Protein chains: 2
Amino acid sequence: MELIYKGKTKDVYRDSADDNGVVLFFKDDMTGKDGVFDPGENQVGLTVEGSGRAGLKLSSYFFEKINALGYPTHFKSADLDSRYMYVHPVETFGKGVEVICRFKATGSFIRRYGAYIEDGEQLDDFVEFTLKDDKRQDPPINEAGLVALDILQPGEHDVIVENTLKICKLIKEELAQRGFDLYDIKLEFGRDIKTGEVMLIDEISGGNMRVYKAGQKVDPLELVDLFFK
Amino acid sequence: MELIYKGKTKDVYRDSADDNGVVLFFKDDMTGKDGVFDPGENQVGLTVEGSGRAGLKLSSYFFEKINALGYPTHFKSADLDSRYMYVHPVETFGKGVEVICRFKATGSFIRRYGAYIEDGEQLDDFVEFTLKDDKRQDPPINEAGLVALDILQPGEHDVIVENTLKICKLIKEELAQRGFDLYDIKLEFGRDIKTGEVMLIDEISGGNMRVYKAGQKVDPLELVDLFFK
């Protein structure tokens, strides 16, 4: 298969068996610093055997649930042994946008807004956008900025916020049923390259969320083990 | 008069002649660093005799224009010799919010979004909110954040954006008629303490805007001199 893009935790290939298909290969690399996992970090901090497969397994579980509810996603199917996810090709927004849904205030939210809220306090229906830009520490951006910089078309912001809230509440509920507390999660969206439809892309794994159980942070691999037990 | 609040560039007094009045005293202190004026700075950087009077003169000119058009403001009247502005009492939003309208990308906009736009490029209808928080470098915040942190009530965001665009286009036009190019400007809004109506507060002077003439930055005092020539 032809490599299109080499990412931090995934590589992207053209699907040799499908002209309109793309394949994501889930690597065993995780974001973090000095060997400690951190979903807020912008660099590969550790390599853990089995983390790629675990991320793909949890992602596939959630994508299937979301597809079944009719919210558009890029997900077609997955093969856990080869660590491949088969997806619809999409164009990303600008150089990449992250959509963060927060249920409890922590991390960069506290670094920015700590004058108004304590770490761990509850948030309702909070969604924000940040630009993928390691050099500028993934700056937050509002709807007017996303449109002014031609990253989103007018109207796309509200569609993304609405879908993000529905999807993240589903994920929060799935986790809660197994005793996990979802603090925050980052999603990515893109446009179907044929229809332009806005759809959920990337992955939905422990690497993109902060999850607690009985007051203790649960790391991505532990999450998958406990989730499917 | 009883001092209510000592600000960086203005002091706030209760109006001894009016139970429902507040008086702002315009000081000769300007924000900046190492003696150089910068509207983006959070500290007093220089003291210039006559700057308080000049700021009040320009502010009064704009507030009278805005009041005449019927957009709500706190402005009642001004006395240039005493450097007093007589205003309606308001409550501010949280610990203070700045509303920035940008016509050309520069300053913190480029520091955040420089991957997408060059310094000096045009922006249309761009408004953003930042929190007044020196310790956290005045972080930008979106509508969901302002509501989640109970800083704005639902609906107030859109009223402020709409009024900001109208007011800033008026100011830009007034400046353009005299050969000035307005790059960006920060406004403040508050709620009338009696009616809760959202209104423009604070000042509208060179200290709150970046203005150019023939490609050269115009400092706040020079702006007032040239504006009223």
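Numbers restart at 1 for each chain; the letters A, B, ... are given by sequence-line order, proteins then strands. Only a predicted model underlies this, so the values are computations on that prediction, with no experimental measurement involved.
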Against chain B, work out which of A:Gly145, A:Gly114, A:Ala148 has the most heavy-atom pairs shorter than 4.5 Å and name it. A:Gly114

With distance as the sole test, does B:Tyr116 use its side chain to make a donor-acceptor pair with the main-chain N or O of A:Lys95 at under 3.5 Å? yes

As an exercise, state the distance from CD of A:Gln137 to CZ of B:Arg111, rounded to the nearest 0.5 Å. 12.0 Å

For A:Asp34, the side-chain hydrogen bond (donor to acceptor under 3.5 Å, both in side chains) test, sequence neighbours excluded, returns none

About how many Å separate CD of A:Glu143 and NE2 of B:His157, when rounded to the nearest 0.5 Å? 8.5 Å

Whether over 12 other heavy atoms sit under 6.0 Å from A:Lys65 NZ: no

Taking everything shown except A:Lys8 itself, do over 12 heavy atoms lie less than 6.0 Å from its NZ? yes

Report the option among A:Arg136, A:Lys135, A:Gln122 that has the most heavy-atom pairs separated by less than 4.5 Å from atoms of chain B. A:Arg136

Does atom CD of B:Gln177 have more than 12 heavy-atom neighbours, drawn from other residues, nucleotides or ligands, at distances under 6.0 Å? yes

Per-residue tally against chain B (heavy atom, under 4.5 Å) across A:Ile141, A:Leu123, A:Val127 peaks at A:Ile141

Determine whether more than 12 heavy atoms belonging to other residues, nucleotides or ligands lie under 6.0 Å from atom NZ of A:Lys166. yes

If you count heavy-atom pairs under 4.5 Å between each of A:Asp150, A:Leu131, A:Asp133 and chain B, which one has the most? A:Leu131

Just how far is it from atom CZ of A:Arg112 to atom CG of B:Leu149, taken to the nearest 0.5 Å? 10.5 Å

Separation between CG of B:Asn142 and CG of A:Leu146, rounded to the nearest 0.5 Å: 10.0 Å

Quick check on B:Arg102 against chain A: is it the side chain, the backbone, both or neither that has a heavy atom closer than 4.5 Å? neither

With side chains defined as the heavy atoms from C-beta onward, is the minimum distance between B:Val147 and A:Phe126 less than 4.5 Å? no

Is it the side chain or the backbone of A:Ile151 that comes within 4.5 Å of chain B heavy atoms, both, or neither? side chain

